[in-house]
Amino acid sequence: MSFPRPDLEQVFRAAYPRVVAVAARVLGNRHEAEDIAQEVFLTFGRSAVPAGEATGWLSVAAAHTALNHLRTGRRRASREETVGAAETTAPDVAETVIARDERRRVRAALARLPRKQAVALVLRHSGLSYAEVAAALDLSPGSVGTTVRRAESALREELNRHAPSE
């Protein structure tokens, strides 16, 4: 296979917005999501994935890569700096800080879920249909709803287990 793939530009143009959206859903940051998309497309460019399967493959790869990014804690320093800066500003930003902390808690809980559940949840909540999630994860379409519901339940349990004490 030659590098780059002859279909890379076409696949990139068609799938880039979705890949960024999936990564942004996990990370909550478009700039970092674009970095993830770049990494995913570089991997795709070296792969033998058929163009017809590219969208699903890229969506799953974006979710996996973004979850790995969360799990490794590469964002920890940036989050702490952002929260610290917000806390030193005017008191009327308290709601913003609380909302940011809640999003951080949800992302951390998502990173602790079993991989298949986390990816199914991210893909479904990123706008993929049940059929698209099923194809991307090699599941039967009928099991996607069950997988997503179990993931939502596990996410709630993780959030409750790690709820801040007041």
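Note that the structure is a prediction, hence the values are computed from the model and not measured.
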>> Please evaluate residues E152 and E157 with respect to the criterion side chain to side chain contact (heavy atoms under 4.5 Å, CB included), reporting the C-alpha separation (whole Å), side-chain torsions for both, the decisive distance (0.1 Å), and the verdict.
In response: CA-CA 9 Å; E152 289 169 342; E157 287 176 22; over 6 Å; no
> Does a salt bridge link R107 with E102, judged by any charged N lying under 4.0 Å from a carboxylate O?
Replying inline: no
>> Please determine whether side chain to side chain contact (heavy atoms under 4.5 Å, CB included) holds for the pair S126 and R18, giving the CA-CA distance in whole Å, both sets of side-chain angles, and the decisive distance to 0.1 Å.
In response: CA-CA 8 Å; S126 294; R18 175 172 279 175; over 6 Å; no
>> Apply side chain to side chain contact (heavy atoms under 4.5 Å, CB included) to residues T43 and W57 and explain how you reach the verdict.
In response: CA-CA 11 Å; T43 302; W57 187 92; 3.8 Å; yes
> More than 12 non-hydrogen atoms from neighbouring residues, nucleotides or ligands closer than 6.0 Å to CZ on R150, yes or no?
Replying inline: no
>> Taking atom CZ as the centre, does R13 end up with more than 12 heavy-atom neighbours from other residues, nucleotides or ligands that are less than 6.0 angstrom away?
In response: no
Treating [X] as the side-chain partner and [Y] as the backbone partner, does any N or O pair qualify as donor plus acceptor under 3.5 Å?
| X | Y | value |
| --- | --- | --- |
| S153 | R149 | no |
| S143 | S140 | yes |
| R115 | H64 | yes |
| D7 | Q10 | no |

>> Holding to side chain to side chain contact (heavy atoms under 4.5 Å, CB included), I want the full list of residues that pass it with E34, two or more places apart in sequence or in another chain.
In response: Y16, V20, R30
> Got a sec, which residues hit side chain to side chain contact (heavy atoms under 4.5 Å, CB included) with A109, two or more places apart in sequence or on another chain?
Replying inline: R112, L155, E158, L159
> Can R5 be said to sit on top of F44's aromatic six-ring, NZ or CZ under 6.0 Å from centre and within 45° of the ring axis?
Replying inline: yes
> Could you go step by step and tell me if L110 and L113 meet the side chain to side chain contact (heavy atoms under 4.5 Å, CB included) rule?
Replying inline: CA-CA 5 Å; L110 182 66; L113 292 183; 3.9 Å; yes
> What residues form a salt bridge (Lys or Arg N to Asp or Glu O under 4.0 Å) with R103, not counting sequence neighbours?
Replying inline: none
